[in-house]
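Note that the structure is predicted; figures quoted are calculated from it, not measured. Ligands are counted one by one from 1 in listed order, and the atoms in each one are counted from 1 as well.
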Amino acid sequence: LDLKAEDLMHLKELGAGNGGSVSKVMHITTKTLMAKKIIHIDANPSVRKQILRELQILHDCNSRYIVSFYGAFMSDADISMCMEYMDVGSLDNIYKKNGPIPLEIVGKITTAVLEGLNYLYESHRIIHRDVKPSNILVNSKGQIKICDFGVSGQLINSIADTFVGTSNYMSPERIQGASYSVRSDVWSVGITLMELAMGEFPEDFDDFVQQCLIKEVSERPSPNELLKHSYVIAAEKSKVDVEAWAKGINR
Ligand code: ATP
Ligand code: MG
């Protein structure tokens, strides 16, 4: 399939992130629905050509746990990438609109993400580098797939040039600029799963529980100290209706 901009009909915007914006399109002649990601990079034409070349590896990434790739092309100063359209969307939107994801479903997400990461690494020596809820997609067949992994070294560099700050999902060794490996993705998996199960970013709660579980008793905080923890302060301020919750409990 030789994709061109003029063969695609724009249907709707799906969202935008740091690297670009994504829209739902239809490939007119084959009537295939696709997600088209436009990535804007301030780079010279030879760098952009190299990125396009490197993206071709995506044609060989075939797994039921990886969003499939239809092709990429240059349009003005942008690079467009077309991938499988996942009609239920990404897990960040899913839990934000529907609340925490049931733990049994989180289990299925866990296996899909690990299988996807393992396939990328064992078959292609690719490290994902951006595991997070918005890069895990679901369709109405109940399939769970990962996307937006780092296949093109040049694209990673080009995006890194414009990206400021650190991601909440980055492992400590990566934030510190040390060399990182496929195990750095594992850290991001841990944070991601906790977020999905809790329906919110768990950093505070995680730290709170870790404080409670310090093995060395002399280092473990007292209740008085824990009352000053940011998790407890946020919980005190929360306006949740405990009365409504208690009345709704099955007993
Ligand atoms: P970042 O740029 O930091 O990685 P992000 O993942 O949210 O953040 P994009 O990758 O640009 O940003 O994606 C924007 C949104 O588009 C996603 O949150 C997701 O909801 C939607 N999306 C991306 N790819 C697809 C796809 N293949 N099918 C359906 N929706 C998609
Ligand atoms: Mg993404």
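For atom 22 (N) of ligand 1, the nearest non-hydrogen atom of the protein is Val22 CG1, 3.9 Å.
Proximity annotation for atom 28 (N) of ligand 1: of Met86, Lys24, Met34, Met86 comes nearest, heavy atoms only. Scanning Gly17, Ala16, Ala35 for the heavy atom closest to atom 8 (O) of ligand 1 points to Gly17.
Closest N/O/S atom of Asp148 to the Mg ion (ligand 2): OD2.
Close N/O approach between Asn18 and ligand 1 is found [any backbone or side-chain N/O within under 3.5 Å].
The side chain of Leu137, and not its backbone, has at least one atom closer than 4.0 Å to an atom of ligand 1 (non-hydrogen atoms only; side chain from C-beta on).
Phe208 and Phe205 have parallel rings, their planes meeting at less than 30° on a 0 to 90° scale where 60° marks the start of perpendicular.
Criterion: ILVMFWY side-chain heavy atoms under 4.5 Å apart, direct or through other members. Under it, Leu14 and Val138 are not part of a common hydrophobic cluster.
Residue-ligand proximity: Gly20 is placed with a non-hydrogen atom under 4.0 Å from ligand 1. Cys147 does not count as a contact of ligand 1, since none of its heavy atoms falls under 4.0 Å from the ligand.
With 2.8 Å as the limit, Ser90 does not count as an N, O or S neighbour of the Mg ion (ligand 2). The nearest N, O or S atom of Asp130 is not closer to the Mg ion (ligand 2) than 2.8 Å.
With no hydrogens or angles considered, a side-chain donor-acceptor pair links Asp207 and His229 at under 3.5 Å. At a cut-off of 3.5 Å, with distance as the only test, a side-chain donor of Tyr169 or Glu195 sits close to an acceptor on the other residue.
A salt bridge does not link Arg183 to Asp185: none of the charged nitrogens lies less than 4.0 Å from a carboxylate oxygen. Salt bridge status for Asp148 with Arg129: absent, with no side-chain N to carboxylate O gap under 4.0 Å.
Near Lys37, meaning under 4.0 Å from any of its heavy atoms, are these atoms of ligand 1: 9 (P), 10 (O), 11 (O).
Aromatic rings of Tyr70 and His27 (six-membered ring for Trp) have centroids beyond the 6.0 Å cut-off, not under it.
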